[in-house]
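Bear in mind the structure is a predicted one, so any value in this text is a computation, not a measurement. Each residue takes its place number in the sequence, starting with 1. Below, all heavy atoms of this structure are taken into account, side chains as well, without hydrogens, waters or symmetry copies. Remember, it's 1-based here, ligands and their atoms both numbered in the order they're listed.
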Amino acid sequence: MKHILLGVSGGIAAYKAAELVRLLRKQGAEVRVVMTQSALEFISSLTFQALSGNPVHTELLDTEAENAMGHISLARWADVLIIAPATANTLAKLSCGLADDLLSTLYLAATCPVYVAPAMNQAMWSKVVTQENIARLIRQGVHIIGPEIGDQACGETGLGRMSEPMTICNQLVLALQDQVTFSELGLQGHRVLISAGPTREPLDPVRYLTNRSSGKMGYAIAAAAIKAGADVTLVSGPVELTAPANVNLINVTTAEQMYQAVMSSALEHTIYIGTAAVADYSPIVSDKKIKKDGNSLTLILQKTKDILAAVSALEQRPFTVGFAAETHDLERYARDKLTQKKLDMIAANWVGQEQGGFDSEQNALQVFWDKGDKALLMTDKGQLAEQLIDLIIERIKAR
Ligand code: PMT
């Protein structure tokens with residue numbers, strides 16, 4: 001789980017920082033908040049405590065806080081420091097290296113990447129001294145997000161509005177992804193079997209039941225496994241994608257065909273990753289087109305074979321990674337599947353939401369194993385697949 005330290009300084013945009021905490025936590029990050037004294041005039045520390053689920057830090061010299069998590073340990077804890085809003089005064093202090101409160105001291109002590117999202121009146125922003133401070137911060141390696149043009153709380157219009165929390169959140173997600181080191185060739189010598197895409201269960205000669213899986217997640221995992229040096233077999237349901245070069249592609253249509261293809265080669269592989277959205281039930285196929293006879297039609301569906309459970313039940317089974325697509329109670333259902341199907345790992349994702357899951361370019365995963373878990377934040381499926389492969393390599397080594 002990524003650690004984000006959020007510094008809030010005293011400006012009217014401080015209320016937007018509350019939304020930022022919510023968005024970052026939604027991405028699976030752990031957030032701790034540091035507030036300056038003037039920030040406390042704008043928004044209560046209780047708001048941040050409730051949203052972050054952690055105590056809020058406000059004092060530099062607080063014996064109790066130093067015992068629990070002092071300024072040096074807080075700085076070490078952070079994977080990234082973001083100051084939003086960053087007032088003109090805070091920027092001036094940071095650029096000169098002043099350390100007269102907790103936030104400015106943290107900035108000096110931090111070795112992680114630092115981002116600031118300035119927010120101030122447009123005249124203050126365009127003042128030469130502010131621009132010199134910004135230039136000095138950039139030279140110190142600080143990343144600046146915004147500000148943006150728009151209506152300001154003071155009634156003026158111009159450059160100085162803090163960027164929207166979503167914009168800041170997206171930049172931080174990208175920054176954290178850059179810190180991920182993809183283990184090139186960490187799968188050399190491994191043979192990886194991946195199932196991808198939907199299955200199609202025929203009803204009659206002209207109709208079938210299927211789902212919204214595009215295959216993008218599974219194909220991205222296949223590409224990442226190849227990049228990591230593995231020999232890859234991809235058992236794919238019907239999708240409109242081109243398989244990555246050097247993949248041994250087996251095309252199937254139904255859940256039964258996918259079961260046969262996976263089971264006939266599972267023992268030749270060292271890792272199985274079940275990304276496919278396999279039909280849980282399939283209809284009894286009519287050999288003639290079903291006629292439109294009544295106002296309603298009842299279909300009788302039969303349970304399909306559980307491919308993932310069958311692979312993990314093999315005596316010499318590969319390292320078995322399942323997926324879980326959930327609309328609610330994600331952790332509970334994912335952990336149930338991990339235990340019931342005796343998996344080594346399960347990657348759970350939300351489906352039926354605005355972002356991520358079926359047929360989207362992006363996704364986020366919450367990965368669970370018996371004694372741990374890791375959040376892989378929302379990103380494009382290519383990046384996410386590399387992060388998942390990294391984690392699989394790490395878990396195989398830890399066994
Ligand atoms: O293909 P995309 O558009 O890129 O979308 C990606 C995805 C959302 C399909 C993918 O990330 C995902 O969540 N795949 C699993 C979908 C699913 O069927 O989840 P489930 O919770 O119903 O199944 C749990 C696990 O059992 C899965 O690993 C599934 O492959 C496996 N299973 C299910 C039924 C069955 N008969 N056999 C199985 O092996």
Quiz item: Can you tell me if S195 has a non-hydrogen atom under 4.0 Å from ligand 1?
Solution: no

Exercise. Decide whether the shortest distance between a heavy atom of K341 and an atom of ligand 1 is less than 4.0 Å.
Key: yes

Quiz item: Quick one: which ligand 1 atoms are inside 4.0 Å of a heavy atom on K381?
Solution: 2 (P), 3 (O), 4 (O), 5 (O)

Quiz item: Could an N or O of ligand 1 be found under 3.5 Å from any N or O of G215, whether backbone or side chain?
Solution: yes

Exercise. State whether a side-chain donor-acceptor pair under 3.5 Å links T157 with D151.
Key: yes

Quiz item: What atoms of ligand 1 come within less than 4.0 Å of a heavy atom belonging to A279?
Solution: 36 (N)

Exercise. Name the closest protein heavy atom to atom 14 (N) of ligand 1, giving the residue it belongs to and the distance to 0.1 Å.
Key: T275 O, 2.8 Å

Quiz prompt | Polar contact flag for Y272 and ligand 1 (N/O pairs, less than 3.5 Å) | solution = no

Exercise. Look at the side-chain heavy atoms of Ile, Leu, Val, Met, Phe, Trp and Tyr, link any pair under 4.5 Å apart, and say whether I250 and M258 land in one connected group.
Key: yes

Self-check item: ligand 1 contact by G197, heavy-atom criterion under 4.0 angstrom
Solution: no

Quiz item: Between H3 and W77, what is the ring plane arrangement, given parallel below 30°, perpendicular above 60°, and tilted in between?
Solution: parallel

Self-check item: Structural part of P198 in contact with ligand 1, heavy atom criterion under 4.0 angstrom
Solution: neither

Practice problem: Please state whether M258 comes within less than 4.0 angstrom of ligand 1, counting heavy atoms only. | Solution: no

Practice problem: Determine the minimum heavy-atom distance between I290 and D204, stating which atoms define it. | Solution: N-OD2, 2.9 Å

Quiz item: Quick one: CD1 on I346 to CG on D373, what's the gap to the nearest 0.5 Å?
Solution: 13.0 Å

Quiz prompt | atom 28 (O) of ligand 1: the protein heavy-atom neighbour that sits closest, reported with distance to 0.1 Å | solution = G274 O, 2.6 Å

Quiz item: Any side-chain heavy-atom pair from I194 and V235 closer than 4.5 angstrom?
Solution: no

Practice problem: Report yes if some heavy atom in the side chain of N121 is under 4.5 Å from a heavy atom in the side chain of E156; otherwise report no. | Solution: yes

Quiz item: What protein heavy atom sits nearest atom 2 (P) of ligand 1, and how far off is it?
Solution: S214 OG, 3.3 Å

Practice problem: Output the list of atoms in ligand 1 that are nearer than 4.0 Å to some heavy atom of D359, sorted by atom number. | Solution: 2 (P), 3 (O)

Quiz item: Which residue supplies the protein heavy atom nearest to atom 37 (N) of ligand 1, what is that atom called, and how far is it?
Solution: I307 N, 3.1 Å

Exercise. Could you list which atoms of ligand 1 come closer than 4.0 Å to a heavy atom of G357?
Key: 5 (O), 8 (C)

Quiz prompt | Nearest-neighbour protein heavy atom for atom 19 (O) of ligand 1, which is reported as residue plus atom name and distance | solution = A325 N, 3.5 Å

Practice problem: Kindly indicate whether the side chain of V142, heavy atoms from C-beta on, has any atom under 4.5 Å from the side chain of Y115. | Solution: no

Quiz prompt | Residue pair E201 / T254, side-chain donor-acceptor N/O under 3.5 Å | solution = no

Self-check item: A255 near ligand 1 by a heavy-atom separation under 4.0 Å
Solution: no

Quiz item: For atom 25 (C) of ligand 1, what's the nearest protein heavy atom and its distance?
Solution: F323 O, 2.9 Å

Self-check item: Nitrogen or oxygen atoms of A324 and ligand 1 under 3.5 Å apart
Solution: no

Self-check item: Region of K337 engaging ligand 1 - heavy atom pairs below 4.0 Å
Solution: side chain

Quiz prompt | C169 and L20: CA distance, side-chain angles, deciding distance, side chain to side chain contact (heavy atoms under 4.5 Å, CB included) verdict | solution = CA-CA 7 Å; C169 177; L20 180 58; 4.1 Å; yes

Practice problem: Report yes if some heavy atom in the side chain of L91 is under 4.5 Å from a heavy atom in the side chain of L137; otherwise report no. | Solution: yes

Self-check item: Close side-chain approach of V34 to L5, heavy-atom, < 4.5 Å
Solution: yes

Quiz item: Numbering the atoms of ligand 1 from 1, which are under 4.0 Å from a heavy atom of F358?
Solution: 3 (O), 5 (O), 8 (C), 9 (C)

Quiz item: Heavy atoms, side chains only, cut-off 4.5 Å: are L384 and L365 in contact?
Solution: yes

Exercise. Pick one of side chain, backbone, both or neither for how T304 approaches ligand 1, counting any non-hydrogen atom pair under 4.0 Å.
Key: side chain

Quiz prompt | salt_bridge(E361, K381) N-O dist < 4.0 Å | solution = no

Practice problem: Give a yes/no on ligand 1: does A196 have at least one heavy atom closer than 4.0 angstrom to it? | Solution: no

Practice problem: Give a yes-or-no answer on whether the side chains of Y272 and S195 include a donor-acceptor pair shorter than 3.5 Å. | Solution: yes

Self-check item: Polar proximity ligand 1 side, A277 side, N/O cut 3.5 Å exclusive
Solution: no

Exercise. Would you mind running through ligand 1 and noting each atom that sits below 4.0 Å from a heavy atom of K216?
Key: 1 (O), 2 (P), 4 (O)

Quiz item: G218: heavy atom below 4.0 Å from ligand 1, yes or no?
Solution: no

Quiz prompt | Nearest-contact summary for atom 13 (O) of ligand 1 - protein heavy atom, Å | solution = N349 ND2, 2.9 Å

Exercise. Give the atoms of ligand 1, by number and element, whose distance to some non-hydrogen atom of M217 is under 4.0 Å.
Key: 4 (O), 6 (C), 11 (O)

Quiz item: Please state which protein non-hydrogen atom is closest to atom 39 (O) of ligand 1 and give its distance, to 0.1 Å?
Solution: L308 N, 2.8 Å

Quiz prompt | Region of D280 that comes within reach of ligand 1 [heavy atoms, distance under 4.0 Å] | solution = side chain

Practice problem: Determine whether Q49 and N54 make a side-chain contact, defined as any pair of heavy atoms from C-beta on separated by less than 4.5 Å. | Solution: no

Quiz prompt | Distance filter under 4.0 Å to K305 heavy atoms, resulting ligand 1 atoms | solution = 35 (C), 36 (N), 37 (N)

Exercise. Verify the ring-centre separation between F319 and H190: is it less than 6.0 angstrom?
Key: no

Exercise. Kindly write out the residues that satisfy salt bridge (charged side-chain N to carboxylate O under 4.0 Å, His left out) with R332, not counting sequence neighbours, or none if the list is empty.
Key: D329

